[in-house]
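Any value given below was found using the heavy atoms of this structure, including those in side chains, with hydrogens, waters and symmetry copies removed. In the text below, chain A, chain B and the rest are named by the order of the sequence lines, each starting its count at 1.
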There are 2 protein chains.
Amino acid sequence: MTSLWFPVSQTLYLRDPLSSLLGRRILMESVRLIDELGFEHFTFKKLADAINSTEASVYRYFENKHRLLLYLIDWYWLWLDYRFSIVIQNLVNPAERLKACLRVLLSEELPGIYSEGLDPKALKRLVMAEFEKTYLTKQVDRDNKEGVFIPYKAVCKKLAAMVLEINPKFPFPHTLMNTVLLSATHQLFYAEHLPSLTDIKFNPHHHDRQLEEFLKLLIFKTIEP
Amino acid sequence: MTSLWFPVSQTLYLRDPLSSLLGRRILMESVRLIDELGFEHFTFKKLADAINSTEASVYRYFENKHRLLLYLIDWYWLWLDYRFSIVIQNLVNPAERLKACLRVLLSEELPGIYSEGLDPKALKRLVMAEFEKTYLTKQVDRDNKEGVFIPYKAVCKKLAAMVLEINPKFPFPHTLMNTVLLSATHQLFYAEHLPSLTDIKFNPHHHDRQLEEFLKLLIFKTIEP
DNA sequence: TCGTTTATGAAAGTAATACTATCATTTTAT
DNA sequence: ATAAAATGATAGTATTACTTTCATAAACGA
């Protein structure tokens, strides 16, 4: 089994899900199920049934479904970060680097994370729909102290650094990149479900290009001195 | 009792909460409680206890807590829209109008919605923390058909129209204003809880000015021809 | 003022959720 | 071969998200 292993924070699990077949089945099936049912209707019972295991067994890996969600989402951002590092390897111009990262962020061509099993498109949809719910909670400070938002912060920081390379005087690099990341994860959701909120037309083959155009405009016009 | 009545969609309630004292107490106390507990830990039982009523009575007004949340949030956007219409009344220049709306959006000086009872700051925090959860669900299309997102769409549309008045050729007015609205509702949350994601410093007396500066930059640089 | 809707309260009940605990069995590691 | 660890099976608890029923109180209309 080909795998990309990412150092997801150990505080997120009780037993490492990558260390066993059952653990990996929990990860793969939970991505599928959360994407299908939505996080609020996803339960460990349903997950256990789907993988022919039991609730008790799932609870041995993850304390609760919130932590499992954090795990999956951290994984997504680590994976994105990894793909960023690959595409910028051969580019020296910071503006080119930023554009390349933007393309990776928006790309609909997603390689499998495991050669089989985990569905990267489902994971991306899951992040789009559920990411904000992970920190818009009353436990955000506790979770944050444990470092569960580090992977997202790292992505944001990396992009912000590129912005500063382009214009070292720009005063809001993190705020801007954070805004861009959230907009990127949401606009396609709007295009599909609340089209009057966006000018991007829902069209699986072209909307990512429109979104790319918008975000490039937004970033490069805003940061120019 | 001085009140600003807004035509919140009738599909959101079973019995009009503005029509009785109990109904108004439900609204006021639910704002307080959701702000205090967060939406996931808010229950009709707790609400009923807080107003010395019963679960059954609350259910006679709202089908479930999701609908109650939608009601409160719709109310917020209707109220914002109303404040927009007031500040732009005496302004003719579209750029000035847009800036004035931005100030209203970010302003921390919030008049009471009812002379007593409903806490507007708590309502604003509630919208910041919970708004996205109302549409990032599997029922978004059903809810949308019922018109429950109309007030937010109206705000977005109004701002987008101002953008087009400034630059009729700008191709993404809705996408941009939607992005701005979301950023505005989130950045102060970041400043407080996840400061490394933003350059805005948490400081109750100044952060809204910093955010205003960022958003003005973002909007006016992006839309200039 | 009487009678009748209508709103609320009180209490009980149900199905699902989010866990926890116990113990037997299987798998794995030594 | 034996001990340790992982899993399955089953049961149990507290809470949530409702629904139902019935009694009482307030409001309202003739």
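Between B:E63 atom CD and D:dC18 atom C1' there is a gap of 11 Å when expressed in whole angstrom units. Following rounding to the nearest Å, B:L14 (CG) and D:dC18 (P) show an atom-to-atom distance of 11 Å. The separation between A:Y13 atom OH and D:dA6 atom P is 13 Å, rounded to whole Å. For the pair A:K46 NZ and C:dC19 C1', the computed distance is 16 Å after rounding to whole Å. Taking atom CD of residue A:E55 and atom P of nucleotide D:dT7, one finds them 16 Å apart after rounding to whole Å. One atom, CG of B:D49, and another, C1' of C:dT8, lie 16 Å apart when rounded to the nearest Å. Spacing between atom OH of B:Y59 and atom P of D:dT21 amounts to 17 Å, rounded to whole angstrom units. The separation between A:D16 atom CG and D:dA6 atom C1' is 14 Å, rounded to whole Å.
Candidate nucleotides C:dC19, C:dT17, C:dG9 were compared by shortest atom distance to the side chain of A:N64, and C:dC19 ranks first.
Ring geometry for A:W75 against A:Y71 counts as perpendicular: the plane angle is over 60°, on a 0 to 90° scale with 30° as the lower cut.
Positionally, the nearest nucleotide of DNA chain C for A:F44 lies more toward the 5' end than for the other of A:F44 and A:A56.
Taking the six-membered ring wherever Trp is involved, the centroid distance between the rings of A:F131 and A:Y152 falls below 6.0 Å. Ring pair B:F62/B:F44: centre-to-centre distance not below 6.0 Å.
For A:R60 and D:dG8, the shortest distance from a side-chain N or O to OP1 or OP2 is not below 4.0 Å. At C:dA10, none of the side-chain N or O atoms of B:T54 fall inside 4.0 Å of OP1 or OP2 (strictly under the cut-off). For the pair A:S20 and C:dT27, the criterion of a side-chain N or O lying under 4.0 Å from OP1 or OP2 is not met. The phosphate of C:dA18 (OP1 or OP2) has no side-chain N or O of A:T43 nearer than 4.0 angstrom. Remark: A:K65 is in phosphate contact with C:dA18, judged by side-chain N or O atoms under 4.0 Å from OP1 or OP2.
Across all strands, B:Y61 comes closer than 4.0 Å only to sugar-phosphate atoms, never to a base (heavy-atom distances).
Under a 4.0 Å N-O distance rule, the pair A:E40/B:K138 does not qualify as a salt bridge.
Judged purely by distance below 3.5 Å, without hydrogens or angles, the side chains of B:Q187 and A:T179 pair a donor atom with an acceptor atom.
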